[in-house]
**Q** 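Structure incoming, see below.
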Amino acid sequence: MRDLFEQEEEGLSIPIVPGAVLLRGFANDIAQQLLGDLERVLASSPWRHMTTPGGFRMSVAMTNCGTLGWVSDRTGYRYDRVDPASGEPWPAMPATFLQLAAQAAAAAGFDRFVPDACLVNRYEAGARLSLHQDRDERDYAQPIVSASLGLPATFLFGGIRRADKSRRLSLAHGDVVVWGGPARLSHHGILPLKEGEHPLTGRCRINLTFRKAG
DNA sequence: AAGTACCC
DNA sequence: GCGT
């Protein structure tokens, strides 16, 4: 019953596990500015489907902004200063992105969060991200901030061990999840996106994931 | 490896 | 649905 109650809360901090919190609707007021800034990022570094080290095409389309961008190809996962598609540095992180990330982190108890990487994910119907850990960053003392825009999705949030039981959380437009400290290496993922239409993003979900990678 | 296939 |  507690879960049903939580699903209906708005504008509140909802604890998930120690070190992880869902900030319901935290990005609502700034969502249109974020999406406008994203258009300028995409003009330099457009969407692309990366390849896993196993050689499979990821269903989620991605790009990055900030001094470091997350990249996957046949050689592995890494952060790189350069967009491999353009040969140029990733676009600068927009001020609105930095502000959202810092304010969300602070609201979750992580002060002075200054991300140097923003991975942008676009989910269309059927796109998914299987359960994984964010472990390519240098300093696990730095939290992860993940903002949802557009269509809703089911977020899986598990434990440190892959076999730990995962919780399912419905994430809606404007929701922000922050995890760090004891939850920093929690497994997480997104179930296949359902079809739908959102007034601001159309038939997709956009996710902004902020990290201090370097 | 953030993926798939296949097995139990 | 889980592990490999």
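Just so it is clear: chains get the letters A, B, ... in the order the sequence lines come, proteins before strands, and each one is counted from 1. When reading the values below, keep in mind they use all heavy atoms of this one structure, side chains included, and skip hydrogens, waters and symmetry mates.
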**Q** If a pair satisfies ring-ring contact (aromatic ring centres under 6.0 Å, His included) and one of its residues is in residues 16-36 of chain A, list it, with sequence neighbours excluded.
**A**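 Qualifying pairs, neighbours excluded: none.
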
**Q** Return the CG to OG distance between A:Leu23 and A:Ser13, rounded to the nearest 0.5 Å.
**A**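 Interatomic distance, A:Leu23 CG to A:Ser13 OG, rounded to 0.5 Å: 4.5 Å.
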
**Q** Side-chain donor-acceptor pairs under 3.5 Å in residues 154-165 of chain A, sequence neighbours left out?
**A**
residue  : atom : partner  : partner atom : Å
A:Arg161 : NE   : A:Asp164 : OD1          : 2.9
A:Arg161 : NH2  : A:Asp164 : OD1          : 2.9
A:Arg162 : NH2  : A:Leu131 : O            : 3.1
A:Asp164 : OD2  : A:Ile160 : N            : 3.2
A:Asp164 : OD2  : A:Arg161 : N            : 3.0

**Q** Test A:Trp70 against every option in A:Asp136, A:Asn64, A:Asp80, A:Asp134 by the side chain to side chain donor-acceptor pair (under 3.5 Å) rule and name the one that passes.
**A**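 Of the listed options, the one satisfying the test is A:Asp136.
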
**Q** Using the P atoms only, state how far B:dA1 lies from B:dA5, rounded to an integer number of Å.
**A**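 15 Å, rounded to whole Å.
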
**Q** Please list, chain by chain and in numerical order, all residues satisfying side chain to side chain contact (heavy atoms under 4.5 Å, CB included) with A:Ser44, sequence neighbours excluded.
**A**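 With sequence neighbours excluded, A:Ser44 shows a side chain to side chain contact (heavy atoms under 4.5 Å, CB included) to A:Pro91, given in chain and number order.
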
**Q** When rounded to the nearest 0.5 angstrom, what distance separates CG in A:Asp37 from OG1 in A:Thr96?
**A**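 OG1 of A:Thr96 is found 3.5 Å from CG of A:Asp37.
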
**Q** CG/A:Leu42 to CH2/A:Trp47 distance, rounded to the nearest 0.5 angstrom?
**A**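 With rounding to 0.5 Å, CG (A:Leu42) is 5.0 Å from CH2 (A:Trp47).
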
**Q** Residues of residues 124-131 of chain A with any non-hydrogen atom less than 4.0 angstrom from an atom of DNA chain B: list those, numerically ordered, please.
**A**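 Those residues are A:Arg128, A:Leu129, A:Ser130, A:Leu131.
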
**Q** For B:dA2, which nucleotide in any strand shown is its Watson-Crick or wobble partner with both distances under 3.5 Å?
**A**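 Pair assignment: B:dA2 / none.
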
**Q** Let's see if you get this right: which residues in residues 177-194 of chain A place a heavy atom under 4.0 Å from DNA chain B?
**A**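 When residues 177-194 of chain A is checked for heavy atoms under 4.0 Å from DNA chain B, there are no hits whatsoever.
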
**Q** Between A:Pro84 and A:Val71, is any pair of side-chain heavy atoms under 4.5 Å apart?
**A**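 The answer is yes; the side chains approach within 4.5 Å.
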
**Q** Taking salt bridge (Lys or Arg N to Asp or Glu O under 4.0 Å) as the cut-off, I'd like each qualifying pair that reaches into residues 169-190 of chain A, sequence neighbours left out, listed once.
**A**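 Those involving residues 169-190 of chain A are A:Arg24-A:Asp175, A:Glu137-A:Arg184.
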
**Q** Under a 4.5 Å cut-off applied to non-hydrogen side-chain atoms, are A:Trp90 and A:Val41 in contact?
**A**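 No, too far: nothing below the 4.5 Å cut-off.
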
**Q** Give every residue pair that meets the ring-ring contact (aromatic ring centres under 6.0 Å, His included) criterion with at least one member in residues 184-203 of chain A, sequence neighbours excluded.
**A**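 Non-adjacent pairs meeting ring-ring contact (aromatic ring centres under 6.0 Å, His included): A:His132-A:His188, A:His173-A:His198, A:Trp179-A:His188.
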
**Q** Taking only Watson-Crick and G-U wobble pairs with both distances under 3.5 Å, what dot-bracket line describes DNA chain C, where [ ] shows pairs that cross earlier ones and | shows pairs with another strand?
**A** |.||

**Q** Give, ordered by number, those residues of residues 45-55 of chain A having at least one heavy-atom distance below 4.0 Å to an atom of DNA chain B; if nothing qualifies, reply none.
**A**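 Only A:Thr52, A:Pro53 qualify.
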
**Q** For A:Thr201, check side chain to side chain donor-acceptor pair (under 3.5 Å) against everything at least two apart and list the hits.
**A**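 A:Thr201: no side chain to side chain donor-acceptor pair (under 3.5 Å) contacts found.
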
**Q** Reading DNA chain B in the 5' to 3' direction, which nucleotide is the first one with an atom under 4.0 Å from a heavy atom of chain A, and which is the last?
**A**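 Contact span on the strand: B:dA1 to B:dT4.
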
**Q** Output every pair passing salt bridge (Lys or Arg N to Asp or Glu O under 4.0 Å) with a member in residues 83-98 of chain A, not counting sequence neighbours, ordered by first then second residue.
**A**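 Residue pairs with at least one partner in residues 83-98 of chain A: A:Arg48-A:Asp83.
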
**Q** Check A:Arg203 with A:Glu195, please: is the shortest side-chain N to carboxylate O separation under 4.0 Å?
**A**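 So A:Glu195 pairs with A:Arg203 through a salt bridge.
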
**Q** Using every non-hydrogen atom in the two residues, find where A:Ile144 and A:Arg211 come nearest and quote the distance to one decimal.
**A**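 The answer is CD1-CG, 3.7 Å.
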
